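Here the structure is laid out as structure tokens; the discussion comes afterwards.
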Amino acid sequence: ADMAMYHTKENGGNNYTFFEHHMNARVVQKPSIETDLQLALKRQEFVLYYQPKINLHSGAIVGVEALIRWRHPQRGLILPEQFVRIAEDCGLIVSIGEWVLREACKQAKSWQDAGLSFTPVAVNISAAQFELTGFLESLADILEDTGLEPRYLEFELTESVLMQNTDTTAFMLKALKVIGIQLAVDDFGTGFSSLSCLKHFPIDTLKIDQSFIHDITQATGYLDDAALVIAVIGLGKSLNFRVIAEGVETHEQLEFLLGQGCREGQGYYFSRPVTEKKMLDLLKTGRTKPF
Ligand code: C2E
Ligand code: MG
Ligand code: MG
Ligand code: MG
């Protein structure tokens, strides 16, 4: 049988190509993954999974993050690490991102209409998407069409967005804030954003990157991850940011975070990202399992 596979050149980047392998491994067809992604959008092969954000004390669901997956007809479920970078590099992230935003807003509104959840839905926004003129207009259209109040929408931006540190970035972030959209820095601590970014941009939340949470109970490197995490929690406290720990996988990590006064977390310990249907069940309960 034919097997479809993506190959990446060792130098990474966007050199992904689509091969059709036969028994003799002869390459018959080689359209680019860009074409493939474009078709995927048209054929509605993208789907959103949702992962809850948890109040670490009560176990209550305090938010929901939308995470894209590609339901490939041959290859099954493909994770974003396999295609988001490529979509960013070829510009397709703009239309994919628009789809994600619309879908997430639609979903959040329908949970609200069912009386289930009035927590914000968080959407990951790429720098390439954010920079584009037209982003605000498209956002306005989506909010109007779906009827979701902006205060129930949160954007997760990476430090690379903030680092651009331009007037445009500042203007955009301020505009989003004025509308009422919540702003979070994703993977905080892995990029090169500075304290001055935090000072000049209207950020609400810092999401501590999962790599720091992973070794929180072990000593590695020059500085313990534990010490770094404690510092970020302290930063949040003094500078008035909400702080959320990503990638909480164990009870020890939860205990540590609680002990240090971190109030919110997200991770496999509570729930993996789940389908819309499973998220509905979680929202009906209002909390996740370990609680
Ligand atoms: P992210 O926004 O930092 O999302 C967290 C990632 O960590 C998700 O991977 C999630 O499934 C995973 N995760 C959550 N809890 C745990 C845990 O306890 N342990 C471990 N090991 N992992 C955990 P996912 O869904 O594969 O997404 C990866 C990245 O792809 C995201 O990182 C985000 O940067 C990007 N991404 C996902 N969806 C979108 C999207 O709609 N648009 C854009 N632009 N980027 C997206
Ligand atoms: Mg995120
Ligand atoms: Mg993250
Ligand atoms: Mg990440």
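Just follow the structure's listing: the first ligand is 1, and inside any ligand the first atom is 1. In this text the structure is predicted, and so the values were computed from the model without any measurement.
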T190 and S211 have their tightest heavy-atom pair at CG2-OG, 4.2 Å

For atom 8 (C) of ligand 1, which candidate among N124, L48, L67 provides the closest heavy atom?
-> L67

Nearest heavy-atom approach of N124 to E65 is ND2-OE2, 2.9 Å

Under 4.0 Å from one or more heavy atoms of Q51, ligand 1 contributes atoms 14 (C), 15 (N)

Between E65 and ligand 1, find which residue part has any heavy-atom pair under 4.0 Å and reply side chain, backbone, both or neither.
-> side chain

W99 vs F46 aromatic rings, parallel, tilted or perpendicular, using cut-offs 30° and 60°?
-> tilted

V248 contact mode with ligand 1 (heavy-atom cut-off under 4.0 Å) | backbone

For R69 and ligand 1, does the shortest N/O to N/O distance drop below 3.5 Å?
-> yes

Considering just N/O/S atoms, say which atom of E246 is closest to the Mg ion (ligand 3).
-> OE1

May I ask you to say whether E154 pairs ionically with K53, meaning some side-chain N is under 4.0 Å from a carboxylate O?
-> yes

Of all the heavy atoms in H214, does at least one lie under 4.0 Å from an atom in ligand 1?
-> no

Of all N, O or S atoms in E65, which has the smallest distance to the Mg ion (ligand 2)?
-> OE2

Closest N/O/S atom of D187 to the Mg ion (ligand 3), by atom name?
-> OD1

For Q210, is at least one N or O under 3.5 Å away from an N or O on ligand 1?
-> yes

Considering only N, O or S atoms, which atom of D186 is nearest to the Mg ion (ligand 3)?
-> OD1

For the residue pair F83 and W70, does the interplanar ring angle fall in the parallel (under 30°), tilted (30 to 60°) or perpendicular (over 60°) class?
-> perpendicular

Got a salt bridge between K277 and D281, using NZ or NE/NH1/NH2 to carboxylate O under 4.0 Å?
-> no

Give the atoms of ligand 1, by number and element, whose distance to some non-hydrogen atom of P273 is under 4.0 Å.
-> 11 (O)

N, O or S from E156 under 2.8 Å to the Mg ion (ligand 3) = no

Using only heavy-atom distances, determine whether the side chains of Q218 and D225 contain a donor-acceptor pair under 3.5 Å.
-> no

Indicate, as side chain, backbone, both or neither, the part of E81 found under 4.0 angstrom from ligand 1 when only non-hydrogen atoms are considered.
-> neither

Of the listed options (F46, F270, Y268), which comes nearest to atom 23 (C) of ligand 1 when hydrogens are ignored and any heavy atom counts?
-> Y268

Could you grab the distance from atom CG of L77 to atom CD of Q82, nearest 0.5 Å is fine?
-> 10.5 Å

N, O or S atom of D209 closer to the Mg ion (ligand 3) than 2.8 Å = no

Going by the order shown, which atoms of ligand 1 are within less than 4.0 Å of some heavy atom of D187?
-> 3 (O)

So which heavy atom on L92 is nearest to which on Q38, and how close?
-> CD1-N, 3.8 Å

Step through it carefully: locate the ring centre of Y50, locate the ring centre of W111, and say whether they are under 6.0 Å apart.
-> yes

Would you mind listing which atoms of ligand 1 come within a distance below 4.0 Å of any non-hydrogen atom of G247?
-> 16 (C), 17 (C), 18 (O)

Test of proximity, I68 against ligand 1: N or O pairs below 3.5 Å = yes

Which one holds for R272 and ligand 1: side chain close, backbone close, both close, or neither close, with close meaning a heavy atom under 4.0 Å?
-> neither

Between K106 and D145, is the closest basic N to carboxylate O distance under 4.0 Å?
-> no

Is there a donor-acceptor contact under 3.5 Å from the side chain of Q129 to the main chain of F135?
-> no

Provide the number and element of each atom of ligand 1 under 4.0 Å from a heavy atom of S126.
-> 44 (N)

Here the atoms of ligand 1 under 4.0 Å from any heavy atom belonging to E249 are 17 (C), 18 (O), 19 (N), 20 (C), 21 (N)

Would you find more than 12 non-hydrogen atoms of other residues, nucleotides or ligands less than 6.0 Å from R287 atom CZ?
-> yes

